Amino acid sequence: MDCKRALLLLPAYYDKHLTAPDRLEFEGHIRGCPVCSKKLADVGLLDNAIKLTSEITLPLALAEGLLSHMRRHDLRYHIGSMKRFFVVKRRRYYHYMVAFIRLVALLVIAAGLLKAYFWFASDRRTHDKKPQAATTLLLQKPLKGKKAEPGVESLPTGPGTYIRSDKAIPEVVVSGKQFTRNTIGDAMINPTILEHCEQYTIAQVVGLQNKLVAKVAAKARSLGEDGAAAEQSVKTALSILGKPSLPVYVEKARFENKRVWLVALIWNTGGPSVHLTKVSIFAIDPIKHTIVYTE
């Protein structure tokens with residue numbers, strides 16, 4: 001064994017960790033090498049010195065001062081302090097921020113879902129609307145300035161197809177228009193209905209209703225239509241509504257590919273002096289005299 005290897009094994013020999021063959025070989029080298037023998041003796045002296053110092057107790061103030069001095073000059077201590085500040089102490093603020101962001105995101109999602117639900121429900125109600133007993137439309141004054149859609153002005157005015165009088169009511173029109181559930185309400189927004197709405201009271205219904213029904217039949221015949229069928233369609237609408245009302249507009253048209261009479265009635269409920277400010281429109285089958293749709 002040479003000195004280099006002996007010095008490598010010296011700590012293990014002193015701590016009694018060498019195997020038997022290595023220990024015998026190391027001891028043989030020590031006995032013949034004064035340099036390595038002195039190194040072993042120095043290790044023994046150093047060990048004894050450390051054991052003696054372990055029994056010395058430093059004053060608390062001195063120990064804290066030494067520790068503080070070591071910390072101020074130890075870069076790793078400062079790096080550790082920064083880590084504790086930005087990682088440990090700030091961690092709870094980070095958690096608060098993440099929780100707040102999640103809460104805001106949930107509120108935005110909830111608002112979006114509610115908006116989508118109400119939009120879907122409203123759209124579904126529009127498309128799934130079913131025929132029902134006479135629904136009403138209260139005509140407001142601003143509607144008087146609205147252009148009729150389809151309106152009387154937009155209908156053909158050729159001879160024998162259209163009669164208009166600013167005084168005679170109801171107005172009877174024969175058209176080839178194709179109405180749907182989304183457009184049938186447009187027939188109520190025309191000058192004839194708007195001109196006579198609010199001009200009649202419930203007290204006038206009794207004296208005018210039969211006369212106006214007869215005028216519908218006469219106008220229908222003058223246009224080459226079945227006057228009796230037109231008259232019966234108006235009576236059907238009046239009986240369905242079942243309230244004090246007057247017919248002011250009757251149109252022969254198509255509703256969802258069926259030939260119908262569209263009958264517009266102005267009406268109201270209340271005392272004799274109450275004006276007829278509400279309007280309902282009925283699509284009546286001229287053959288079966290049954291209601292097809294009402295708006």
Side-chain angles (χ1 to χ4, degrees), residues 1-132 135 180-183 185 256 293:
M1 176 182 294
D2 56 9
C3 292
K4 183 176 181 181
R5 177 170 171 76
L7 291 177
L8 290 175
L9 296 177
L10 191 150
Y13 173 80
Y14 189 84
D15 293 332
K16 297 182 175 57
H17 292 160
L18 285 180
T19 61
D22 288 339
R23 179 171 55 80
L24 291 176
E25 186 180 4
F26 179 80
E27 289 176 348
H29 177 78
I30 289 296
R31 285 194 295 270
C33 180
V35 176
C36 293
S37 179
K38 186 176 185 307
K39 291 288 185 182
L40 179 61
D42 291 341
V43 170
L45 293 174
L46 179 60
D47 183 48
N48 292 330
I50 292 174
K51 289 179 180 178
L52 291 174
T53 57
S54 63
E55 298 176 0
I56 300 175
T57 303
L58 291 177
L60 181 60
L62 177 60
E64 290 180 351
L66 289 174
L67 182 60
S68 176
H69 176 78
M70 293 172 64
R71 286 177 174 175
R72 285 197 302 270
H73 292 81
D74 189 353
L75 180 61
R76 288 176 298 178
Y77 170 76
H78 294 295
I79 294 175
S81 299
M82 294 177 64
K83 286 183 178 180
R84 285 192 295 273
F85 179 77
F86 287 104
V87 177
V88 179
K89 293 185 178 180
R90 294 294 179 90
R91 184 175 298 168
R92 57 180 179 179
Y93 299 111
Y94 170 78
H95 289 315
Y96 293 153
M97 182 176 65
V98 171
F100 177 75
I101 293 174
R102 288 178 179 174
L103 177 62
V104 172
L106 287 175
L107 291 176
V108 171
I109 293 173
L113 290 175
L114 285 175
K115 184 176 181 180
Y117 170 77
F118 288 119
W119 175 85
F120 177 77
S122 176
D123 185 68
R124 186 174 181 180
R125 285 195 298 270
T126 301
H127 287 85
D128 294 347
K129 189 175 181 181
K130 297 180 179 179
Q132 55 186 354
T135 56
T180 66
R181 295 189 179 198
N182 293 329
T183 61
E256 295 186 344
Y293 185 75

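Everything numeric here is computed off the predicted structure, so don't read it as measured data.
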Working to the nearest 0.5 angstrom, can you tell me the gap between Leu45 CG and Leu40 CG? 10.0 Å
Heavy atoms of Leu10 and Lys39 approach each other most closely as CD1-CB, 3.8 Å
Could you walk me through whether Ile30 and Tyr13 pass the side-chain contact (heavy atoms from CB on, under 4.5 Å) check? CA-CA 11 Å; Ile30 289 296; Tyr13 173 80; 6.0 Å; no
Taking atom CH2 of Trp119 and atom CG of Leu114, what is their separation to the nearest 0.5 Å? 15.5 Å
For residues 23-35, which residue pairs pass the salt bridge (Lys or Arg N to Asp or Glu O under 4.0 Å) check, not counting sequence neighbours? Arg23-Glu27
Within this structure, what is the SG-CG distance for the pair Cys3 and Leu8, rounded to the nearest 0.5 Å? 11.0 Å
With side chains defined as the heavy atoms from C-beta onward, is the minimum distance between Pro11 and His17 less than 4.5 Å? no
Could you note down all residue pairs passing salt bridge (Lys or Arg N to Asp or Glu O under 4.0 Å) where residues 2-15 supplies at least one of them, sequence neighbours left out? Arg5-Asp22
